[in-house]
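These notes are about the structure you will find just below.
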Amino acid sequence: MRHALGQPLRPRFYARDTQRVARDLLGCVVETRVRGVPTAGRIVEVEAYVGPHDPAAHGYGWRKTARNAWLFGPPGTCYVYFIYGNHWCVNVVTERDGYPSAVLLRALEPLAGLDVMKRRRRTGDPRLWCSGPGRLCEALGITGRFNGESLAGPRIRVLRPARRQPVRMAVGPRIGITRAVDWPLRFYVRGSPWLSRQDRTA
DNA sequence: GGTAGGATAAGCT
DNA sequence: GCTTATCCTACCA
């Protein structure tokens with residue numbers, strides 16, 4: 001039962017319009033294996049960073065640096081960056097090789113390795129394990145060493161469950177940005193208790 | 001219940 | 001110097 005949680009998404013899943021990829025990622029499962037220790041969670045919240053014309057995206061104006069280089073990588077790659085001197089954030093790279101677009105993972109519903117998440121996050125409250133981009137990286141053991149890895153690789157993969165639950169999706173503005181603040185590029189599962197902030201529209 | 005401020009570092013001007 | 005795709009604690013209500 002190697003893939004009890006589902007089958008890995010193929011590269012062509014990611015090689016599409018970034019907003020479509022973002023929507024379709026809701027309900028899929030992220031699984032990591034760090035030093036043999038597995039953890040997994042269902043994606044309930046994402047944000048799209050749609051390309052060089054997106055003022056809030058790291059690849060705005062085609063500006064490529066050592067830090068964001070993997071944002072320009074092939075679809076289905078991990079782009080991981082360090083922010084605010086404290087936190088890692090993980091993205092899935094989309095569209096075509098050389099084009100800077102990606103989907104930021106913002107919140108997961110914990111599914112497997114719950115004891116490990118509890119230890120890594122240093123809190124017994126499951127709501128605080130994966131409800132935010134920095135939190136979910138800590139819970140799943142994702143660090144800069146994952147930058148540039150394939151999302152179908154041995155250490156991190158994204159799976160489509162055999163029986164994917166129907167998702168009631170909501171859309172809103174992205175969080176924590178100062179430019180393009182009204183672009184509705186945050187997609188999340190309406191009413192989910194695992195979001196990075198409470199859904200008041202549910 | 002809510003919010004203000006600090007931690008902490010890379011990248012930019 | 002200043003900003004940043006964040007999180008946590010302290011404090012006030």
Side-chain angles (χ1 to χ4, degrees), chain A residues 14 17-19 21-23 25-26 30 39 41 43-73 75 77-95 99-110 117-148 151 156 158 170-189 193-202:
Chain A
Y14 304 99
D17 174 79
T18 302
Q19 290 194 52
V21 176
R23 294 162 190 261
L25 280 171
L26 294 178
V30 183
T39 54
I43 300 172
V44 297
E45 179 181 343
V46 297
E47 282 175 0
Y49 289 85
V50 293
H53 58 289
D54 179 350
H58 290 171
Y60 182 51
W62 293 99
R63 191 163 46 227
K64 187 176 180 180
T65 66
R67 178 206 196 204
N68 70 9
W70 282 108
L71 176 59
F72 293 74
T77 302
C78 251
Y79 165 46
V80 182
Y81 64 88
F82 192 59
I83 195 164
Y84 296 115
N86 286 289
H87 308 289
W88 297 101
C89 294
V90 61
N91 298 249
V92 310
V93 176
T94 60
E95 305 205 23
Y99 187 82
S101 58
V103 176
L104 170 70
L105 303 185
R106 284 198 57 92
L108 310 175
E109 171 189 349
M117 293 187 186
K118 179 179 180 178
R119 190 184 69 240
R120 287 177 178 154
R121 291 282 302 129
R122 300 175 299 280
T123 171
D125 184 350
R127 303 275 185 113
L128 298 178
W129 291 346
C130 299
S131 55
R135 289 171 176 171
L136 74 88
C137 280
E138 186 168 42
L140 271 62
I142 296 171
T143 68
R145 299 197 314 278
F146 285 68
N147 197 21
L151 288 166
I156 181 167
V158 183
V171 183
R174 293 174 290 186
I175 293 173
I177 56 171
T178 57
R179 293 174 293 186
V181 287
D182 10 335
W183 293 18
L185 293 176
R186 173 174 175 250
F187 306 96
Y188 58 98
V189 176
W194 308 104
L195 302 174
S196 69
R197 49 180 71 177
Q198 207 49 40
D199 181 8
R200 299 173 189 283
T201 71

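Naming convention: chains lettered A, B, ... in sequence-line order (proteins, then strands); numbering from 1 in each chain.
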I'd like to know if the side chain of [X] reaches the main chain of [Y], judged simply by a donor and an acceptor atom lying under 3.5 Å from each other, with no hydrogens or angles considered.
{"X": "A:Asn147", "Y": "A:Arg145", "answer": "no"}
{"X": "A:Asn91", "Y": "A:Val93", "answer": "no"}
{"X": "A:Glu47", "Y": "A:Ile175", "answer": "yes"}
{"X": "A:Arg179", "Y": "A:Pro55", "answer": "yes"}
{"X": "A:Asn68", "Y": "A:Pro100", "answer": "no"}
{"X": "A:Arg135", "Y": "A:Ser131", "answer": "yes"}

Of A:Arg121, A:Arg120, A:His87, the one forming a side-chain hydrogen bond (donor to acceptor under 3.5 Å, both in side chains) with A:Glu138 is A:Arg121
Qualifying residue for side-chain hydrogen bond (donor to acceptor under 3.5 Å, both in side chains) with A:Thr94, from A:Thr18, A:Asp17, A:Thr77
A:Thr18
Indicate, with a heavy-atom threshold strictly under 4.0 Å, whether [X] touches base, sugar-phosphate, or nothing.
{"X": "A:Arg67", "answer": "sugar-phosphate"}
{"X": "A:Arg186", "answer": "nothing"}
{"X": "A:Leu104", "answer": "base"}

At a 4.0 Å cut-off to heavy atoms of chain A, the contacted part of DNA chain C spans C:dT4 to C:dC8
Please work out whether the ring planes of A:Trp88 and A:Phe82 are parallel, tilted or perpendicular, with thresholds of 30° and 60°.
tilted
Between the CD1 atom in A:Ile142 and the SG atom in A:Cys137, the distance rounded to the nearest 0.5 Å is 4.5 Å
When you match A:Thr178 and A:Gly132 each to their closest nucleotide on DNA chain C, which lands nearer the 5' end?
A:Thr178
Closest-nucleotide 5' rank along DNA chain C - winner of A:Gly176 and A:Arg121:
A:Gly176
Going by heavy atoms closer than 4.0 Å, what residues in residues 84-92 of chain A are next to DNA chain B?
A:Tyr84, A:Gly85, A:Asn86
Of the listed B:dG11, B:dT13, B:dA9, the closest approach to the A:Arg63 side chain comes from B:dT13
So what is the 5' to 3' dot-bracket string for DNA chain B, if pairs are Watson-Crick or G-U wobble with both distances under 3.5 Å, crossing pairs use [ ] and | means the partner sits on another strand?
|||||||.||||.
Just how far, in rounded Å, is P of B:dG1 from CD of A:Gln198?
10 Å
Is A:Arg67 close enough and on-axis enough to A:Tyr79, meaning under 6.0 Å and within 45°, for cation-pi?
no
